[in-house]
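This report refers to the structure that appears directly beneath it.
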Amino acid sequence: MATSRYDALFEPVRIGPVTAPNRFYQVPHCTGMGHALPQTLAAMRGMKAQGGWGVVCTEYCSIHPSSDDHPHPFAALWDADDVRNLALMTEAVHAAGSLAGIELWHGGSFVANLASRLPSIGVSSMPARTEPWQSRRMDRRDIRAFRRWHRESALRARAAGFDVVYVYPTHGYLVSEFLSRSLNTRTDEYGGSLQNRARLFRELLEETRDAVGDRCAIAVRYSADGHGDAHLSSEESKALLEEVGPLADLWDFVVADYYGEEMATSRFVAEASFEHKIAGLRALVNRPVVSVGRFTSPDTMLRLVRTGVVDFIGAARPSIADPFLPTKIREDRTEDIRECIGCNICYAHNYRGAPLRCTQNPTLGEEWRSSWHPERVPRDGEGTVLVVGAGPAGLEAALTLARRGFEVTLADAASEVGGRVVKESRLPGLGEWIRVRDYRLGQLQRMPGVSLYLGQSLSASAVRDFGADHVIIATGAVWRRDGRGRTHSSALPELRIPVYTPDDLMSGRCPSGVVVVYDDDHYYLGPVLALLLARAGCQVHYVTTESRAGAWSHYTGEQEATQQQLLSAGVAIQVCQMVVGATADAVQLACVYTGAPSSLPSAALVVVTSREPDETLYRALVGEDPPEHRRIQAIGDCDQPALIAHAVYAGHRAGRELGHASAACSRDRWVAAASASDQAEALGGSVIGDTIILA
Ligand code: ADP
Ligand code: SF4
């Protein structure tokens with residue numbers, strides 16, 4: 001086999017009793033699938049193994065009903081049924097020659113047990129993360145029971161076929177509560193000195209080894225910089241590592257600041273941001289080390305391995321955005337990597353209790369339900385397609401159709417391909433978002449049968465004259481100027497002040513002096529535009545109908561950093577206020593609760609409220625009652641203004657389904673399952689698998 005400069009990344013690495021085929025390691029990450037969607041989960045993890053990830057792990061996997069993170073779909077290993085569920089995943093991972101890892105987890109005081117209704121347990125009685133109730137302080141019997149549950153689930157993990165079993169004393173969950181100086185107020189042998197606080201952790205390591213040691217490796221996910229001085233200082237953390245290092249076969253290093261650093265978005269943190277915190281720990285533990293850092297650059301990966309910082313390249317998000325990243329590096333096709341843009345839309349969906357989706361990878365989560373492969377589409381296209389609009393939706397549709405074998409023309413009124421991502425990626429912190437365009441454009445430019453027409457706005461007659469067999473309209477949406485949106489269902493009356501929209505600012509038409517940015521959208525754009533104006537020298541008032549800046553970005557883990565960033569930039573933040581009007585030199589506000597009026601002197605108003613779908617061309621072609629055949633269809637923001645992830649998904653779906661009689665070309669198993677259960681209910685029966693059983 002030819003050698004490549006990245007060969008070092010493809011060396012097998014021994015982890016205790018098992019050997020990973022290479023250095024690519026998908027660390028535990030949430031999926032929004034967990035125990036709820038085992039087939040979807042298994043197919044998704046299996047796809048990563050096919051793509052070359054040498055180790056593929058579960059998400060946090062509950063060992064007992066007293067650790068129930070409902071409504072977040074965590075994995076579970078409570079009983080023999082869970083063993084069967086998770087065996088689907090290990091089989092899928094093993095089929096591709098990779099190792100399967102499982103992160104055994106108990107949430108301690110953090111979880112609320114909304115579904116199981118058991119009292120949560122903790123080192124002391126503390127409030128649950130989100131609910132107004134507390135955990136029960138564990139006594140010795142509880143500790144013995146917990147150790148037994150952990151051991152039993154380790155045995156179940158082995159029975160399910162896992163090769164790597166985690167002990168997990170991090171991220172604020174139960175075992176880290178015991179390590180914590182402040183939370184652990186016990187006076188028994190589990191409290192007080194570091195030795196005592198670490199007793200439970202050591203016991204779990206020894207008991208897990210005893211349960212699975214001859215067959216499975218033991219990994220520990222551990223915070224490289226302690227847990228903050230109130231809990232475990234970095235000195236204590238290092239002392240502990242030195243002592244227990246050899247008790248595990250692999251150390252998976254993370255950092256204490258989960259949202260601010262480990263899981264931070266590209267708006268706030270760059271690739272490999274905490275390398276300096278990991279460096280040196282490998283020598284301390286004397287075991288193989290894995291760590292993450294949103295790595296997408298093969299050169300960074302190679303450097304980290306060569307310099308001995310890590311043995312494995314850990315990844316969650318880069319493996320979601322491109323399950324075939326390792327294969328592309330091995331085959332020297334680095335230009336084909338679909339790089340993660342660091343937006344955390346994946347995480348947000350898990351947070352909402354929904355299956356993972358990815359801005360860059362529209363097939364993620366659809367491997368089982370729709371039989372979508374991230375790299376392959378059936379080559380069954382025949383004829384010509386005109387795609388109007390080269391934003392994320394149009395680009396993805398064009399790429400998928402070209403892969404199917406259609407002759408594709410992609411047209412855009414702009415002189416540059418990319419639609420909204422071109423404009424948005426120029427805003428503060430959003431630079432990596434251009435990868436949405438770059439990946440697709442790079443692929444299209446290397447494909448035969450693809451033509452690009454830029455710089456000309458197409459009319460309905462131009463589209464008809466073009467004479468394509470199929471037409472896809474992806475003309476996007478424009479930000480409204482009249483203030484309509486979530487709070488105001490009709491236009492704001494009497495805005496006598498100069499009003500700007502996000503589109504104005506993104507095309508370089510910006511106000512100066514004192515400016516009110518009115519955010520009724522609640523995601524990133526309002527805060528990012530406020531920052532843009534503050535950096536340009538404006539005195540900015542950020543006004544939102546929500547109770548904090550960029551409220552929805554709570555789900556992407558960015559809210560705190562967003563608010564901090566605005567405050568540091570000198571932006572004045574006004575929450576729970578709606579704009580109700582404006583004179584020539586002031587914006588009128590009202591409290592969203594009481595209606596109490598106030599006024600902000602200002603020279604301009606920027607309204608970030610909602611968007612108008614640009615369906616002019618689509619309607620000119622099909623009218624209000626489009627024909628059923630869908631030879632002309634609208635996708636993306638012109639159909640439904642939404643996230644970039646929605647637009648990419650719509651483009652992919654349209655690309656896959658074009659020319660097929662119905663959406664049934666993708667085996668939509670959730671729909672099939674739902675209709676089977678409807679039928680069963682009507683017949684008074686039940687459904688097992690795909691079969692309706694009549695009573
Ligand atoms: P989406 O997110 O749905 O892909 P975007 O707003 O990112 O939507 O992209 C829409 C693209 O469509 C823009 O680049 C815009 O220039 C282009 N566009 C809109 N109307 C026309 C038209 N009539 N002819 C050609 N291109 C158009
Ligand atoms: Fe990366 Fe965004 Fe995809 Fe998550 S959703 S993997 S952050 S591109």
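Every number for a ligand or one of its atoms is a count from 1 in the order of the listing. Not measured: the values here are computed from a predicted model.
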[Y] and [X] side chains, donor-acceptor separation under 3.5 Å:
X	Y	answer
Tyr6	Asp299	yes
Arg221	Tyr166	no
Asp252	Tyr25	no
Glu558	Thr265	yes
Tyr555	Arg352	yes
Arg484	Ser610	no
Glu262	His171	yes

Checking heavy atoms under 4.0 Å, the part of Ala474 that sits near ligand 1 is backbone
With a cut-off of 4.0 Å, which atoms of ligand 1 are near a heavy atom of [X]?
X	value
Arg420	2 (O), 5 (P), 7 (O)
Gly389	11 (C), 12 (O), 17 (C)
Gly636	3 (O)

Restricting to heavy atoms, the pick from Asp637, Leu643, Val421 nearest atom 2 (O) of ligand 1 would be Asp637
So, is [X] polar-close to ligand 1, with some N/O to N/O distance under 3.5 Å?
X	value
Ala393	yes
Pro392	yes
Leu458	yes

Check for me whether the distance between the ring centres of Tyr168 and Tyr60 falls short of 6.0 Å.
no
Under 2.8 Å from atom 4 (Fe) of ligand 2, the protein N, O or S atoms found are Cys346 SG
| task | May I ask you to decide if the ring planes of His35 and Phe74 are parallel, tilted or perpendicular, using 30° and 60° as cut-offs? | result |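 Ring orientation, 0 to 90° scale: tilted.
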Can you tell me the protein heavy atom closest to [atom] and the distance?
atom	value
atom 9 (O) of ligand 1	Gly391 CA, 3.5 Å
atom 25 (C) of ligand 1	Ala413 N, 3.2 Å
atom 21 (C) of ligand 1	Thr475 CG2, 3.6 Å
atom 16 (O) of ligand 1	Asp412 OD1, 2.6 Å

With side chain to side chain contact (heavy atoms under 4.5 Å, CB included) as the test, pick out the partner of Thr296 among Glu432, Glu271, Arg338, Arg317.
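Answer after filtering Glu432, Glu271, Arg338, Arg317: Glu271.
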Residues Glu416 and Arg426 bridged, charged N to O under 4.0 Å:
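Looking at Arg426 together with Glu416, the answer is yes, because their closest N to O distance falls below 4.0 Å.
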### Task
Go through the steps to decide whether Arg446 and Asp336 satisfy the test salt bridge (Lys or Arg N to Asp or Glu O under 4.0 Å), and finish with yes or no.
CA-CA 11 Å; Arg446 289 197 294 277; Asp336 290 337; 2.8 Å; yes
